[in-house]
Amino acid sequence: MSIDLSGVLLARHGETRDNLPPGWFQGWTDTPLNDVGRRQASELGQLLARRSEPIASLWASDLIRASETASIAGAAIGLRPLHDWRLREGLRGRWEGYEFQEIKAAEPEPYAAWRRADPTFRFPGGETLQDLQDRVLAALADIRARGPLPALAVCHGGPMRVMSCWRDGRPLTAFWDYEIPNTAVVTL
């Protein structure tokens with residue numbers, strides 16, 4: 001089945017302390033923006049305000065890092081975000097809150113499967129990349145149907161990577177081919 005997501009853009013949330021080296025598994029952990037992240041969100045708002053085609057509706061994951069980014073950026077374009085939990089980062093299960101290196105040392109084989117975007121890998125107590133893609137795709141299809149367009153959905157790196165794979169017709173094993181810095185914008 002073909003799904004039309006034209007008119008939908010994605011933006012990643014601003015920086016949090018967990019995005020900084022050495023890096024932690026955040027997942028559904030509700031980590032707020034840091035000062036840099038709030039500045040990035042403000043810059044995103046300025047970028048959106050300069051668009052030739054104004055953003056008509058604003059959506060966000062209900063996790064604070066995405067919600068706060070959307071609120072700050074939305075102030076620059078006169079929009080308040082609507083929230084959809086399906087835009088959340090992938091559920092990392094019991095790995096959430098741990099540094100990447102801790103998991104790599106404690107569970108080297110599952111960690112390696114995650115790093116190669118193995119389609120059969122499920123985070124312990126969490127989701128697969130396919131689960132994530134299915135959830136986010138359903139949310140974005142609903143956002144497009146509800147409108148108005150263009151719509152911006154502020155979410156997370158994982159959802160943006162799986163949706164980039166979807167947009168480009170690539171398998172989820174291409175997950176790590178997409179670099180998604182904080183407050184990057186991707187068009188679907």
Side-chain angles (χ1 to χ4, degrees), residues 10-41 44 59-70 72 81 83-140 153-186 188:
L10 303 177
R12 186 176 177 205
H13 63 79
E15 184 182 275
T16 72
R17 70 169 175 80
D18 288 353
N19 296 140
L20 299 173
W24 287 263
F25 286 97
Q26 289 182 92
W28 288 15
T29 301
D30 217 6
T31 310
L33 297 178
N34 61 21
D35 289 340
V36 171
R38 284 186 282 281
R39 187 186 79 242
Q40 291 170 331
L44 174 62
W59 297 80
S61 155
D62 62 346
L63 295 174
I64 189 70
R65 59 193 182 269
S67 180
E68 187 178 4
T69 299
I72 293 168
H83 295 93
D84 190 323
W85 74 271
R86 296 174 297 174
L87 296 171
R88 286 181 177 191
E89 180 60 276
L91 179 59
R92 307 302 197 222
R94 67 177 167 81
W95 286 9
E96 291 185 16
Y98 288 95
E99 289 181 18
F100 296 148
Q101 293 305 314
E102 289 178 294
I103 297 298
K104 183 179 181 180
E107 300 182 51
E109 288 185 30
Y111 181 86
W114 170 65
R115 290 301 301 169
R116 68 177 175 270
D118 181 334
T120 65
F121 173 72
R122 176 177 299 280
F123 284 94
E127 295 177 301
T128 66
L129 291 180
Q130 189 64 61
D131 294 337
L132 174 61
Q133 187 179 63
D134 292 347
R135 171 169 53 83
V136 175
L137 186 58
L140 297 177
V154 179
C155 57
H156 308 268
M160 291 178 71
R161 284 185 176 97
V162 297
M163 291 312 300
S164 293
C165 291
W166 176 87
R167 176 198 63 203
D168 296 343
R170 298 183 70 198
L172 289 169
T173 54
F175 182 83
W176 292 110
D177 292 351
Y178 297 95
E179 185 175 335
I180 311 287
N182 292 106
T183 64
V185 177
V186 169
L188 299 174

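Note that the coordinates shown come from a computational prediction; the quantities given were computed from them, not determined experimentally.
- Cation-pi check for Arg161 over Phe175 is met; the charged atom lies under 6.0 angstrom from the ring centroid and within 45 degrees of its normal.
- The distance from the CG atom of Leu140 to the CG atom of Leu10 is 5.5 Å, given to the nearest 0.5 Å.
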| field | Test side chain to side chain contact (heavy atoms under 4.5 Å, CB included) applied to Arg116 and Thr173, step by step | value | CA-CA 7 Å; Arg116 68 177 175 270; Thr173 54; over 6 Å; no
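- Residues meeting the salt bridge (charged side-chain N to carboxylate O under 4.0 Å, His left out) test with Asp62, sequence neighbours left out: Arg88.
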| said: Under the criterion side chain to side chain contact (heavy atoms under 4.5 Å, CB included), I'd like the reasoning laid out for Arg115 against Lys104: C-alpha separation, chi angles, the key distance, then a yes or no. | reply: CA-CA 10 Å; Arg115 290 301 301 169; Lys104 183 179 181 180; over 6 Å; no
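- Annotation: side chain of Pro159 is in contact with side chain of Leu132 (closest heavy-atom distance under 4.5 Å).
- Shown here for Val154 and Ala66, the closest heavy-atom pair between the two residues is CG1-O, 3.5 Å.
- Between Trp114 and Trp176, the ring planes lie perpendicular to each other; the angle is over 60°, past the 30° to 60° tilted range.
- Residues Cys155 and Met160 form a side-chain contact, since some pair of their non-hydrogen atoms from C-beta on lies under 4.5 Å apart.
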| task | Carefully, step by step, assess Glu89 and Ser61 under the rule side chain to side chain contact (heavy atoms under 4.5 Å, CB included). | result | CA-CA 8 Å; Glu89 180 60 276; Ser61 155; over 6 Å; no
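- With values rounded to the nearest 0.5 angstrom, Glu96 atom CD is found 10.5 Å from Ile103 atom CD1.
- Side-chain atoms of Trp24 do not come within 3.5 Å of backbone N or O of Asn19 as any donor-acceptor pair.
- Contact detail for Glu127 and Asp131: the closest heavy-atom pair is CA-OD2, 3.6 Å.
- Ion pairing between Arg170 and Asp177 holds under the 4.0 Å rule for side-chain N and carboxylate O.
- Of the possible polar contacts, one joining the Thr29 side chain to the Gln26 backbone as a donor-acceptor pair under 3.5 Å is found.
- Taking each heavy atom of Leu33 and Arg38 in turn, the nearest pair found is O-NH1, 2.8 Å.
- Taking all atoms of both residues into account, the shortest heavy-atom contact from Trp95 to Pro124 is NE1-CG, 3.4 Å.
- Trp85 meets the ring-ring contact (aromatic ring centres under 6.0 Å, His included) test with no other residue; sequence neighbours excluded.
- Counting heavy atoms of neighbouring residues, nucleotides and ligands inside a 6.0 Å radius, atom OH of Tyr111 exceeds 12 of them.
- To the nearest 0.5 angstrom, Ile64 atom CD1 is 12.0 Å from His13 atom NE2.
- Between Leu91 and Arg135, the shortest heavy-atom distance links the atoms N-NH2, 4.2 Å.
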| request: Assess whether side chain to side chain contact (heavy atoms under 4.5 Å, CB included) is satisfied between Tyr98 and Glu107, documenting all intermediate values. | output: CA-CA 12 Å; Tyr98 288 95; Glu107 300 182 51; over 6 Å; no
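- Side chain of Glu15 to backbone of Gln40: no donor-acceptor contact under 3.5 angstrom is found.
- Partners of Ala184 by side chain to side chain contact (heavy atoms under 4.5 Å, CB included), not counting sequence neighbours, listed by chain and number: Ile180, Pro181.
- Note that the OG atom of Ser164 and the CD atom of Gln133 stand 10.0 Å from one another [nearest 0.5 Å].
- Taken from OG1 in Thr31 to CG in Asp18, the straight-line distance is 4.0 Å, to the nearest 0.5 Å.
- Interatomic distance, Arg39 CZ to Asn34 CG, rounded to the nearest 0.5 Å: 9.0 Å.
- Using modelled atom types, no side-chain atom of Thr69 and backbone atom of Ala41 make a donor-acceptor pair closer than 3.5 Å.
- Pairing each heavy atom of Ala113 with each of Phe121, the nearest pair is CB-CD1, 3.9 Å.
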